[in-house]
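For reference, the structure is listed below as structure tokens.
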Amino acid sequence: MADEAVAERAAEPASHDPQKPQGSRSPEAPPRGGERGGERGRDRGDGQAQGEAEAHDGPEAGDDEAAERAKERERAADRIKDLTRDPLAEEDGEDGPTDLAAAARARRAGRKLLTSGRDFTSFDRSRIGHAHIGDINVSLDARRSGVAMRGGPVPEEELRRLRRAHVEPAGYVRLRRALESRRLLVLGGAPGTGRTSTALALLDEVTRDGAGGGGRVRRVDPHQGEGVRGLVGEVNGGEGGEGGERRGTGYLLELALNRPGTLPPDEMDLDQLASTLAEGDAYAVVVVSVGSAANPLLAGRYGMVCPPAPSQELVTVRLRERLEEARDHEALERAARIAEDPEVIEAVGLDDLRPAEAELLASLLAEHLLGSLTREELLAGCRGIAAVQAHEWFAGVDRALAAAPSSGDGRTPVRSATAALFHPVAFRIALAVLGGGSHSAVSAAAHLLTWELSVQSDPDSTPSRPLFCDDPESDRALSRARSDNGAIDVAGAEVTGQLIFYRGSALPAAVLAEIWDRHFPVRAPVVRWLRLLADDPRPQVSVRAAVAAGELSVRDFEYGFGELVRPLAEASSPRRRVFAATALDQVAGHASHRKAVRKVVDDWSRYGTASLRWTAAMTLGHGRAADSVDAALDALARIGVRDQGRQLAVASLNVVRLLTLPECATVLRRLGQWAEDRREEYQDLALVTIVRLATTGVDEVLDDEPGTPLGDRGDWPLLLALAVTRPELTGTLADLLWTALNTARSRDVAFDALEALLRSASRGERGEGREGGEGREGGDDRMRPGLAALLPALTSDEHDRQQLEWLLRRMMRDQDRPLTTEQASALWRLAVPARQRRSDEEESHG
């Protein structure tokens, strides 16, 4: 047959003769099955021979019986077609789309976010306490659980140590000049970033030549007096009238503007304070946390933002101090090398260190070098740094609410601005669950959680929150987060948007461990919130939340299973059941809980309700919820054939997902056994799975990151990717597809699937719009090797080549997406090697 034969035949008029023999090449129906390797008979599923019925009952009875058989075949074909639809789209209608690829990407991102090279259950604060060697004096910042320092003079010894160890942040000289010229500086920064130590260093410098009776640098207790107005009185000498003795003094005031009912000072108050300071030759630094309440202060004439000190320099300075105390002057280089060890960096899990954290890390490194800590103890202490940060973020957040003042009638407490108080907390939790997603998704989830926390804290009041007070920069600063542009899945397409991440891989797990282990009352609102996220139609939200739910369940499986997994596994919504299955698989990723998960899934597959069996099937598809792939296939078959195949669709989907595992050959072998089974329900399971295999993309089912043989072919059809990456399985793959193409009830849908495969290489439709040039009219050449491997094995005899020819002709005559002559010829050459084409041509000529 010449290469152009397909194109020439496409121009021939189509025959519509209903009496035309079954083997004829009509564009309306493919040639029907012949024999393949002596293993399969012709056209499976046709029932008993028509001639036997006619001989037994006569011509009329034979006609009726033939008509009934035709109807039965049509019903069986419709059933197979229905079963090959997406089983996750039930709630949106039978043809409603779901983005399995986006869900798979979200699941991979969530797993990486929470389990990046660390054991989620390994944080041990007792080891952290052991690693605190002596008094590291970290009270200059953080480590205070939100409780401000008491007022009084700063000891000269502390100031001397500060001068020796303080690392100046970028722009420090500009801050000092502003303080010298204005006498007053409002310094903004996130807690723990060194803002207080920087404020003390500034005051120490500008007051060094002053008299400063009673201490030249003083802290002012924010709970005494009226904030800035109270500081005016302090500068004037307070109740003791010591104004003359305090000339040249520097004052440090830390304002907690996030407390309910606290109002920031206005510009007139600051002007009055600056004037009073000038009269007394004094200076003051007012430290505030960045946030919507502090924005007017930082935007005014006295406001400036305090940049963080460089992490590496902080560690170096602290190390030098520690090793000098130990009189080991040659150990600094060794300590620096250990600090750069990838295992140590991974254990710390923070992109940048705050002063107290740098001090702790330096102490750990120094003690390890001096022999006081083993390497395991060093790594344990490093892992605890992020846990300490999480503890500081959440400890005592609502202590002020617990001691709220009376409203005056003696009965009703005043609880204003609870939502504003809880929003930073909610944002940190939302970022731990959805980090790496879009900033808008994290913010929206944070507002939902803010509501749940506020209602839990004060169920008798309706939470209120100002609508125009959100500050993305403050959210990032208060949560140690960063933003970056990246790809976001929207309705099956990737667009560029703003993503948000923690500045450190250890923080998401540390945050979830803190709220789940140390703050039991928070569990109820978090569970309600996660259930709300389970209903979100965006995979980047619902799937990431499911991964987090699984990690939380690891910490207390009894509670997580009872409150999150089991209720959602029985839900009527497929989306909620997928949430439960994803969470269960995440639990199964921990060896300590794998046996329990496997017992639950096995029980559900055998004795569970329809919803539980559906959830069990989705869990089995991940490959970790059974003792082996064979055991998973047994359970999926049990689910798929039960109740006349009611859940055969979801079972077949998860059999396909197992084909991405190394045990792919085992799955294909089982498919062949099901196809040969005498029971029709097992045959249907095989046929539906084969068709689904041909229509499923790699990125819809793959758990691997790019860089693996399959991961690098994410936009390929799975069938073609397997044919290329597992060439030893190509014959088996072709035999299975041939079976579906030559079985009456699956023929139509199988040919549609084969057409989609051919178009994927001829037009690159699966990868349209993505990187690498897919979607070009010339086709996606990367996929051609897959067809080059599969098609020759699929068209090994003349009858099979006739079927392919018929399909190519149909594609060329397609009204909406016609295949060009060049494309059809190229596909024909892939399917029929040159030697076979010459042989066919010689036979046709006689």
Side-chain angles (χ1 to χ4, degrees), residues 86 88-89 91-92 96-116 426-449 472 475-476 479 481-502 505 507-509 511-512 526 529-552 564 568 573-583 585-586 618 622 697-706 711 714-715 769-771:
D86 185 357
L88 309 185
E91 60 184 345
D92 299 324
T98 58
D99 194 348
L100 291 174
R105 286 191 291 272
R107 179 171 173 270
R108 290 197 298 269
R111 290 173 59 186
K112 184 177 180 181
L113 180 75
L114 292 173
T115 57
S116 56
F427 191 88
R428 291 163 188 153
I429 299 173
L431 186 57
V433 173
L434 305 178
S438 66
H439 193 288
S440 60
V442 173
S443 295
H447 281 290
L448 283 176
L449 182 55
D475 287 340
R476 289 192 292 268
S479 301
R482 62 179 177 88
S483 294
D484 197 4
N485 290 331
I488 300 174
D489 289 299
V490 179
E494 288 188 352
V495 297
T496 300
Q498 188 182 55
L499 309 181
I500 187 166
F501 308 81
Y502 267 118
S505 60
L507 287 171
V511 165
L512 295 185
V526 168
W529 174 67
L530 288 173
R531 289 181 179 180
L532 290 174
L533 298 187
D535 295 323
D536 196 294
R538 296 168 295 180
Q540 66 160 312
V541 174
S542 58
V543 176
R544 289 172 185 265
V547 173
E551 289 295 311
L552 292 175
L564 276 171
L568 297 185
S573 164
R575 188 172 291 127
R576 286 195 158 201
R577 298 199 295 267
V578 169
F579 183 100
T582 305
D585 175 70
Q586 191 67 20
M618 288 301 299
H622 293 295
V698 172
D699 55 1
E700 294 176 317
V701 293
L702 187 68
D703 281 343
D704 295 345
E705 292 288 338
D715 55 340
R770 296 195 178 183
E771 290 185 11

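Of all heavy-atom pairs between Gly435 and Arg544, the closest is O-NH1, 2.7 Å. Closest approach of Phe579 to Ala534, counting heavy atoms only: CD1-CB, 3.4 Å. Between Ser483 and Gln498, the shortest heavy-atom contact is CB-NE2, 3.8 Å. The two atoms that bring Ala446 and Ala426 nearest to each other are O-CB, 3.4 Å, heavy atoms only. Nearest heavy-atom pair, Asp715 versus Asp699, reported as atom, atom and distance to 0.1 Å: CA-OD2, 4.5 Å. The two residues Leu499 and Gly486 make their nearest non-hydrogen contact at CD1-CA, 3.6 Å.
Not one N or O on the side chain of Arg482 forms a donor-acceptor pair closer than 3.5 Å with the backbone of Ile500. A donor-acceptor pair under 3.5 Å is formed between the side chain of Gln540 and the backbone N or O of Ser438. Within the 3.5 Å criterion, the main-chain N or O of Ala481 finds no donor-acceptor partner in the side chain of Ser479. Here the side chain of Trp529 pairs a donor or acceptor atom with the backbone of Ala445 at under 3.5 angstrom. Using a distance-only test at 3.5 Å, with no hydrogens or angles considered, a donor-acceptor pair links the side chain of Arg108 to the main chain of Leu702.
Salt bridge annotation for Arg105-Glu494: present, with a cationic side-chain nitrogen under 4.0 angstrom from a carboxylate oxygen. For the pair Arg576 and Asp535, the salt-bridge criterion is met [side-chain N within less than 4.0 Å of a carboxylate O].
Of the candidates Leu568, Leu564, Leu449, Leu530 forms a side-chain contact (heavy atoms from CB on, under 4.5 Å) with just one, namely Leu564.
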Practice problem: Evaluate the criterion side-chain contact (heavy atoms from CB on, under 4.5 Å) for residue pair Thr582 and Arg107; output intermediate values, then yes/no. | Solution: CA-CA 8 Å; Thr582 305; Arg107 179 171 173 270; 4.1 Å; yes

Quiz item: Under the side-chain contact (heavy atoms from CB on, under 4.5 Å) criterion, do Val433 and Leu512 qualify, and how do the steps go?
Solution: CA-CA 8 Å; Val433 173; Leu512 295 185; 4.1 Å; yes

Quiz prompt | Test side-chain hydrogen bond (donor to acceptor under 3.5 Å, both in side chains) applied to Ser542 and Arg575, step by step | solution = CA-CA 8 Å; Ser542 58; Arg575 188 172 291 127; 5.3 Å; no

Self-check item: Intermediate values then yes/no, side-chain contact (heavy atoms from CB on, under 4.5 Å), Arg577 and Met618
Solution: CA-CA 8 Å; Arg577 298 199 295 267; Met618 288 301 299; over 6 Å; no

Quiz item: Should His439 and Ser443 be marked as a side-chain hydrogen bond (donor to acceptor under 3.5 Å, both in side chains) after you check the CA-CA gap, both sets of side-chain angles, and the distance that decides it?
Solution: CA-CA 6 Å; His439 193 288; Ser443 295; 3.2 Å; yes

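Distance check, rounded to the nearest 0.5 Å: OH of Tyr502 to CG of Leu431 gives 4.5 Å.
Looking at Leu88 and Val578, their side chains come closer than 4.5 Å, going by heavy atoms from C-beta outward.
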